[in-house]
Engineer: 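Can you read through this structure? Questions will come right after.
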Amino acid sequence: MLRDDDGVFRAFLNVCRHRGAQVVKNGYGYGDRFYCPFHAWGYDTQGHLVSLPHGNHFGKIDRSCHGLTPLPAAEKYGMLWIRPAPGEDIDVDAQLGTLAPEMAAWGLERHRYVGSQKLAANINWKLAVDTFGENYHFDFLHRNSLAEFIHGNLQTSDHYGRNYRMVFANKTIEQLHDLPQDEWNFRRTTLTVYFIYPNVIVVVGQFYLDLFRIVPDLNDPLKSVTYQSSYVDPDNPPLGPVFGDVQNRTERLNSVLRDEDYATATSCQRGALSGAQTHVIFGRNEPALHHYHNTFREALGLEPLSLEVS
């Protein structure tokens, strides 16, 4: 993934067209030419084959047919989208549906990147997504962490096709009682959580925006990997030792996500694998979980979850 010489976002299969070696090492950096470490076939920022050592041994090779294989890529609303296999172009507005104007309103392109990490977990990727799906558990599992700042078991619930939005109330929301409505600051008194189908969570907090991409482990579908990136709100950057220290914040985030959410989800997966019961129960105060799993089931051509009304 790169920006070409004109600033256009592009993506390619990271595989040399000669013998199939990986062209660019994992990670990130800067460059305008990319050379395969095997035989130094070189490519430019548009994926064109521009260097072929001892090319006379390959006859009259048409370099235009031997560039890096492009992948569908798009940039919109401050987000970079990639389809991981060659195919049709990405329609970002179709993917977001009626959620698109709201994502545009956050001004994601103005947020400043401050760090990222990779979290491996002994839970399948859907259980990892589930941990973001309700705040019913805040007053119990997170009683010494998130519950100190956010009201538990209280949220809005809105779906946008396959996508979803929840809004939680920070405990600072009580301060709005003393302010006229035109002085209310939505972002400073809420935590907004978006589910972008099928595996992306976007969390918009008071100062930070966090992106979570959750994928199955390549070798074991009972495990997953979460790629988390943090961005800071340019209009109200965090200050002070608690909110301004990125490393400190990452440690606090991990103490919740890894040590509380994912640790508990690990026990849920053990319970599922044990055969102790045939199903789990989603309450009416867990509407996002109904949406997540019905969306997955619909995409797989399965019947929706059974519903009991009492």
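Computed over heavy atoms, backbone and side chain alike; hydrogens, waters and symmetry mates excluded.
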Engineer: What's the spacing between Asn170 CG and Ile150 CD1 if we round to 0.5 Å?
Structural biologist: 5.5 Å
Engineer: Does atom NE2 of His159 have more than 12 heavy-atom neighbours from other groups under 6.0 Å away?
Structural biologist: no
Engineer: Can Val232 be reached from Trp106 by stepping across I, L, V, M, F, W or Y side chains whose heavy atoms are under 4.5 Å apart?
Structural biologist: no
Engineer: Side chain to side chain contact (heavy atoms under 4.5 Å, CB included) for Arg33 and Asp44? Distances and angles first, verdict last.
Structural biologist: CA-CA 5 Å; Arg33 292 291 185 272; Asp44 65 13; 3.6 Å; yes
Engineer: Should the ring pair Tyr262 and Phe132 be called parallel, tilted or perpendicular, given that the plane angle runs from 0 to 90° and is split at 30 and 60?
Structural biologist: perpendicular
Engineer: For Lys76, is there an ion pair with Asp93 - N to carboxylate O distance below 4.0 angstrom?
Structural biologist: yes
Engineer: Could you tell me whether the side chain of His142 and the main chain of Asn135 form a donor-acceptor pair under 3.5 Å?
Structural biologist: no
Engineer: Given the rule in the side chain to side chain contact (heavy atoms under 4.5 Å, CB included) test, do Leu13 and Leu68 qualify, once you have shown the distances and angles that lead to the verdict?
Structural biologist: CA-CA 7 Å; Leu13 291 178; Leu68 295 176; over 6 Å; no
Engineer: Considering only NZ, NE, NH1 and NH2 on the basic side and carboxylate oxygens on the acidic side, decide whether Asp233 and Arg112 come within less than 4.0 Å.
Structural biologist: no
Engineer: In terms of side-chain geometry, is the basic nitrogen of Glu102 or Arg165 positioned less than 4.0 Å from the acidic oxygen of its partner?
Structural biologist: yes
Engineer: Can Arg162 and Glu298 be counted as an ion pair, charged N to O under 4.0 angstrom?
Structural biologist: yes
Engineer: Side chains of Val203 and Leu209: closer than 4.5 Å at any heavy-atom pair?
Structural biologist: no
Engineer: Measuring from Asn153:CG to His137:NE2, what's the distance to the nearest 0.5 Å?
Structural biologist: 11.0 Å
Engineer: Looking at every heavy atom in both Asp261 and Leu141, which two are closest together, and how far apart are they?
Structural biologist: OD1-CD2, 3.8 Å
Engineer: Would you please test His151 and Phe138 for ring pair (Phe, Tyr, Trp, His ring centres under 6.0 Å) and show each step?
Structural biologist: CA-CA 8 Å; His151 287 287; Phe138 277 25; over 10 Å; no
Engineer: Donor-acceptor pair, distance only, cut-off 3.5 Å: does the side chain of Gln269 make one with the backbone of Leu222?
Structural biologist: yes
Engineer: Would you call Glu75 and Arg3 a salt bridge, taking side-chain N to carboxylate O under 4.0 Å as the test?
Structural biologist: yes
Engineer: Looking only at atom types and distance, does a side-chain atom of Asp4 sit under 3.5 Å from a main-chain N or O of Val8, one as donor and one as acceptor?
Structural biologist: yes
Engineer: Work out which heavy atom in Gly42 is nearest to a heavy atom in Tyr35; give both atom names and the distance.
Structural biologist: CA-CD2, 3.5 Å
Engineer: Okay, side chain of Gln22, backbone of Val24: is any donor-acceptor separation there less than 3.5 Å?
Structural biologist: yes
Engineer: Does a donor on one side chain and an acceptor on the other come within less than 3.5 Å for Ser145 and Glu260?
Structural biologist: yes
Engineer: Are Phe58 and Trp41, when compared by the centres of their aromatic rings, separated by less than 6.0 Å?
Structural biologist: yes
Engineer: If you apply the rule side chain to side chain contact (heavy atoms under 4.5 Å, CB included), what do you find for Thr190 with Phe168, and how did you get there?
Structural biologist: CA-CA 6 Å; Thr190 60; Phe168 305 156; over 6 Å; no
Engineer: Could you tell me whether Leu179 atom CG has more than 12 heavy atoms of other residues or ligands within 6.0 Å of it?
Structural biologist: yes
Engineer: Rounded to the nearest 0.5 Å, what separation is found between the CD1 atom of Ile196 and the CZ atom of Arg213?
Structural biologist: 14.0 Å
Engineer: Taking all non-hydrogen atoms of both residues, which atom of Ala74 and which atom of Phe9 are closest, and how far apart?
Structural biologist: O-CD2, 3.8 Å
Engineer: Decide yes or no for Tyr77 and Leu96: does some side-chain heavy atom of the first lie under 4.5 Å from some side-chain heavy atom of the second?
Structural biologist: yes
Engineer: Does Leu211 reach the side chain of Tyr227, with side-chain heavy atoms less than 4.5 Å apart?
Structural biologist: no
Engineer: Is it true that Leu146 and Tyr136 fall in one hydrophobic cluster, defined by side-chain heavy atoms closer than 4.5 Å?
Structural biologist: no
Engineer: Membership question, hydrophobic clusters at under 4.5 Å side-chain separation (ILVMFWY): are Val167 and Tyr194 in the same one?
Structural biologist: yes
Engineer: May I ask you to test the Thr172-Arg188 pair for a side-chain heavy-atom distance under 4.5 Å?
Structural biologist: no
Engineer: Taking it one step at a time, do Arg297 and Leu305 satisfy side chain to side chain contact (heavy atoms under 4.5 Å, CB included)?
Structural biologist: CA-CA 8 Å; Arg297 293 176 71 85; Leu305 299 171; 3.7 Å; yes
Engineer: Keeping Ser224 on the side-chain end and Val215 on the backbone end, is there a donor-acceptor pair under 3.5 Å?
Structural biologist: no
Engineer: Test your reading of the model: is there a side-chain donor-acceptor pair from Arg17 to the backbone of Gly67, 3.5 Å cut-off?
Structural biologist: yes
Engineer: Looking at Asp210 and Arg249, is there a salt bridge between them, counting it only when a charged N and a carboxylate O are closer than 4.0 Å?
Structural biologist: yes
Engineer: Assert yes or no for the condition that the ring centre distance of Trp125 to Phe296 is strictly below 6.0 Å.
Structural biologist: yes
Engineer: Looking at Glu88, I want to see if its CD is surrounded by more than 12 non-hydrogen atoms of other residues, nucleotides or ligands under 6.0 Å.
Structural biologist: no
Engineer: Find the distance between OG1 (Thr131) and CG (Leu289) and round it off to the nearest 0.5 Å.
Structural biologist: 9.5 Å
Engineer: Of all heavy-atom pairs between Val23 and Asn14, which one has the smallest distance, and what is that distance?
Structural biologist: N-OD1, 3.3 Å
Engineer: Please round to the nearest 0.5 Å and tell me the distance separating atom CZ of Arg63 and atom OG of Ser51.
Structural biologist: 7.0 Å
Engineer: Are more than 12 heavy atoms from other residues, nucleotides or ligands located less than 6.0 Å from atom CD of Glu303?
Structural biologist: no
Engineer: Between Ile90 and Leu80, is there a shared hydrophobic cluster once you connect ILVMFWY residues whose side-chain heavy atoms come closer than 4.5 Å?
Structural biologist: no
Engineer: Atom OH of residue position Tyr28 - does it have more than 12 heavy atoms of other residues, nucleotides or ligands inside 6.0 Å?
Structural biologist: no
Engineer: Between Tyr208 and His111, does the ring centroid distance fall short of 6.0 Å?
Structural biologist: no
Engineer: With the side chain counted from C-beta on, respond yes when Lys118 and Thr226 share a heavy-atom pair under 4.5 Å apart, and no when they do not.
Structural biologist: no
Engineer: Please find the pair of heavy atoms, one from Pro72 and one from Gly87, that lie closest to each other, and give the distance.
Structural biologist: CG-O, 3.4 Å
Engineer: Is there a path of hydrophobic side-chain contacts, each under 4.5 Å between heavy atoms of I, L, V, M, F, W or Y residues, that connects Leu257 with Ile123?
Structural biologist: yes
Engineer: Please tell me whether Gln228 and Ser230 have a donor and an acceptor in their side chains that are separated by less than 3.5 angstrom.
Structural biologist: yes
Engineer: Mind checking whether Tyr164 and His291 have ring centres under 6.0 Å apart?
Structural biologist: yes
Engineer: Is the Tyr43-Phe34 ring centre distance short of 6.0 angstrom?
Structural biologist: no
Engineer: Checking Tyr197 against Tyr292 for the ring pair (Phe, Tyr, Trp, His ring centres under 6.0 Å) test, could you report, in this order, the C-alpha distance in whole Å, the side-chain angles of both residues, the deciding distance, and whether it holds?
Structural biologist: CA-CA 8 Å; Tyr197 176 86; Tyr292 292 173; over 10 Å; no
Engineer: Which pair of heavy atoms, one from Arg143 and one from Ala147, lies closest together, and at what distance?
Structural biologist: CA-CB, 3.7 Å
Engineer: Starting at CG of Asn124, measure out to CG of Asp220 and round the result to the nearest 0.5 Å.
Structural biologist: 10.0 Å
Engineer: Between Asp235 and Arg110, is any pair of side-chain heavy atoms under 4.5 Å apart?
Structural biologist: yes
Engineer: Test salt bridge (charged side-chain N to carboxylate O under 4.0 Å, His left out) on Asp89 and Arg83 and set out the steps.
Structural biologist: CA-CA 8 Å; Asp89 291 340; Arg83 194 184 303 279; over 6 Å; no
Engineer: Are any side-chain N or O atoms of Trp184 and backbone N or O atoms of Leu176, one a donor and one an acceptor, separated by less than 3.5 Å?
Structural biologist: yes
